[in-house]
Protein chains: 2
Amino acid sequence: MQHQVVENFTPTFVPPITKTPTHLGRIHPEKTPLFHQGDPSKYFYKVRSGVVMTYRLLKDSQRQITGFCTAGDFLGMTSDGIQHDTAITVTTCNIVRLTRAEIQADKELQQELFTKTCLQLEEAQDMMMTLTKKSASEKVAAFLVMLANRQKSETNEADIRLPMSRQDIADFLGMSIETVSRRLTALKSKQVIGLPSRHIVHIFNMGALKKLAGARS
Amino acid sequence: MQHQVVENFTPTFVPPITKTPTHLGRIHPEKTPLFHQGDPSKYFYKVRSGVVMTYRLLKDSQRQITGFCTAGDFLGMTSDGIQHDTAITVTTCNIVRLTRAEIQADKELQQELFTKTCLQLEEAQDMMMTLTKKSASEKVAAFLVMLANRQKSETNEADIRLPMSRQDIADFLGMSIETVSRRLTALKSKQVIGLPSRHIVHIFNMGALKKLAGARS
DNA sequence: CGGCAGCTTGATTGCTGTCAAAACAGGTGG
DNA sequence: CCACCTGTTTTGACAGCAATCAAGCTGCCG
């Protein structure tokens, strides 16, 4: 866990800074925790760049990844002042930490926080659909499409980065690591994607992938 | 869709009115829609009493129930001004409709809305855990426990009302109606619950039920 | 009484989880 | 540079849970 500040991470797009807070964001290396499940919630965090994941642990050390946050997303919202999940950077991240007072003081920022919280709620509800109605293949395809969208790769063919591990994907989609692997290789044999390396997916046919993702809403 | 004001619904508990808005709530009969998926979002709604459910439909008419709202919960939050799900009363409900201006004007109400939105987000994330990590039996047990909690039945033995249909439960828990039925009768044979009528569950042993619900967080 | 909708029960299939082992990548030290 | 080690990913074999299809059952209402 050496805290080397690696600045050669590849920012595929410029974070849309709608508001410039007082403090400039801090750079967090990959796999750095922001807060832990059970911590008192003192701050809000706004992601400027990079990927943060939040997860929840159960007694038997089972894990549910509740979301991946990218540029523009907020973290640390809670109804009771206690963090319900742990947040940890997946990649190197630029993150702004905001106090409650700072939010209160800034009407516009407050509005943005509320809107983003609503968005996260919608995404969580979409996820409920994914978890219950989609097959394993559809889940994996949908996950890749989501990543592509977040990386603004709207072209029909694109390389996307998978910074998280297979286990992370499994814990997000609610399936076993083996099934994730199998479905990925299945997509590969179908010529829809290529897997040049473990953390890179080349999408040959975005249209086909989206069909397989079964976006039926 | 006759708006008859039926006042003989059974209020099992007094709604905790933390804030008294300008308008008194309106009574909505059961199965009355508040808004539909795709509608522009003009208002927020605050539930005073009764049960409202929200759901999302897919092209192939599959349905995911995203939540059941009871006294104190808000509806109508959205990130883009469009409703992402449909809200419909399950029972007769008392509901306050609030404009955005009214929320803006009232600092305290605004705070309450935000807190409740965070709570809904947490609940949605808890639901993700339930959907992925729990077996069918655990899901059904957990659902009954949730209902008992909302109906403030904290005693070890209690009658709880199941106002929604088996299909609703299935669409909430992400399983088939047959499995819901089977798991309920399994709980009955285990003497943990009784099923005096279709919409009433008698809990014989809340402790056992909670164990079966597998609350491992 | 008949009809209908919702619910329960039964039989069967198949997807996905589990266990197990092999392949692979990345890092370390000789 | 190679051998080795370790953790991750892939592949394989198998079992089990829950979905599906299908048939009865119950309560309700005309």
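Quick note: numbers below take in every heavy atom, side chains included, and nothing from hydrogens, waters or symmetry partners. Chain letters run A, B, ... following the sequence lines, proteins first, then strands; residues in each count from 1.
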Close side-chain approach of T89(B) to I95(B), heavy-atom, < 4.5 Å: yes
Can R150(B) and D73(B) be counted as an ion pair, charged N to O under 4.0 angstrom? yes
4.5 Å side-chain heavy-atom contact, L98(B) and F74(B): yes
Does the side chain of V52(A) reach to within under 4.5 Å of the side chain of Y45(A), using non-hydrogen atoms? no
Near DNA chain D, which residues from residues 127-143 of chain B have a heavy atom under 4.0 Å away? S135(B), A136(B)
Heavy atoms, side chains only, cut-off 4.5 Å: are Q167(B) and R63(B) in contact? yes
Pairs touching residues 35-44 of chain A that satisfy side-chain hydrogen bond (donor to acceptor under 3.5 Å, both in side chains), sequence neighbours left out: S41(A)-Q83(A), S41(A)-R100(A)
Does anything in residues 168-175 of chain B come within less than 4.0 Å of DNA chain D? Heavy atoms only, and list the residues if so. G174(B), M175(B)
Does anything in residues 192-213 of chain A pair up under side-chain hydrogen bond (donor to acceptor under 3.5 Å, both in side chains), and if so which pairs, sequence neighbours excluded? E157(A)-H202(A), D159(A)-H202(A)
What pairs meet the side-chain hydrogen bond (donor to acceptor under 3.5 Å, both in side chains) rule with one or both residues in residues 185-195 of chain A, with sequence neighbours excluded? none
Pairs under 3.5 Å (N/O, protein and nucleotides 6-8 of chain D):
{"from": "dT8(D)", "atom 1": "O2", "to": "R198(A)", "atom 2": "NH2", "distance (Å)": "3.3"}

May I ask you to test the D80(A)-L119(B) pair for a side-chain heavy-atom distance under 4.5 Å? no
Contacts table for residues 172-182 of chain A: side-chain donor-acceptor under 3.5 angstrom, sequence neighbours left out:
{"from": "S176(A)", "atom 1": "OG", "to": "T179(A)", "atom 2": "N", "distance (Å)": "3.2"}
{"from": "S176(A)", "atom 1": "OG", "to": "T179(A)", "atom 2": "OG1", "distance (Å)": "2.9"}

Any residue meeting side-chain contact (heavy atoms from CB on, under 4.5 Å) with A186(A), in chain and number order, not counting sequence neighbours: R183(A)
Once side chain to side chain donor-acceptor pair (under 3.5 Å) is applied, do any residues pair with Q120(B), and if so which ones, sequence neighbours excluded? none
Of the residues in residues 178-188 of chain A, which ones touch DNA chain D at a heavy-atom distance under 4.0 Å? E178(A), S181(A), R182(A), T185(A)
Minimum side-chain heavy-atom gap V140(B)-L184(B) below 4.5 Å: yes
By side-chain contact (heavy atoms from CB on, under 4.5 Å) - contacts of A141(B) (at least two apart): L209(B), L212(B), A213(B)
Nt span of DNA chain C in reach of chain A heavy atoms at under 4.0 Å, 5' end first, is dT16(C) to dA25(C)
A side-chain contact here means heavy atoms from C-beta on lying under 4.5 Å apart; do D85(B) and Y55(B) qualify? no
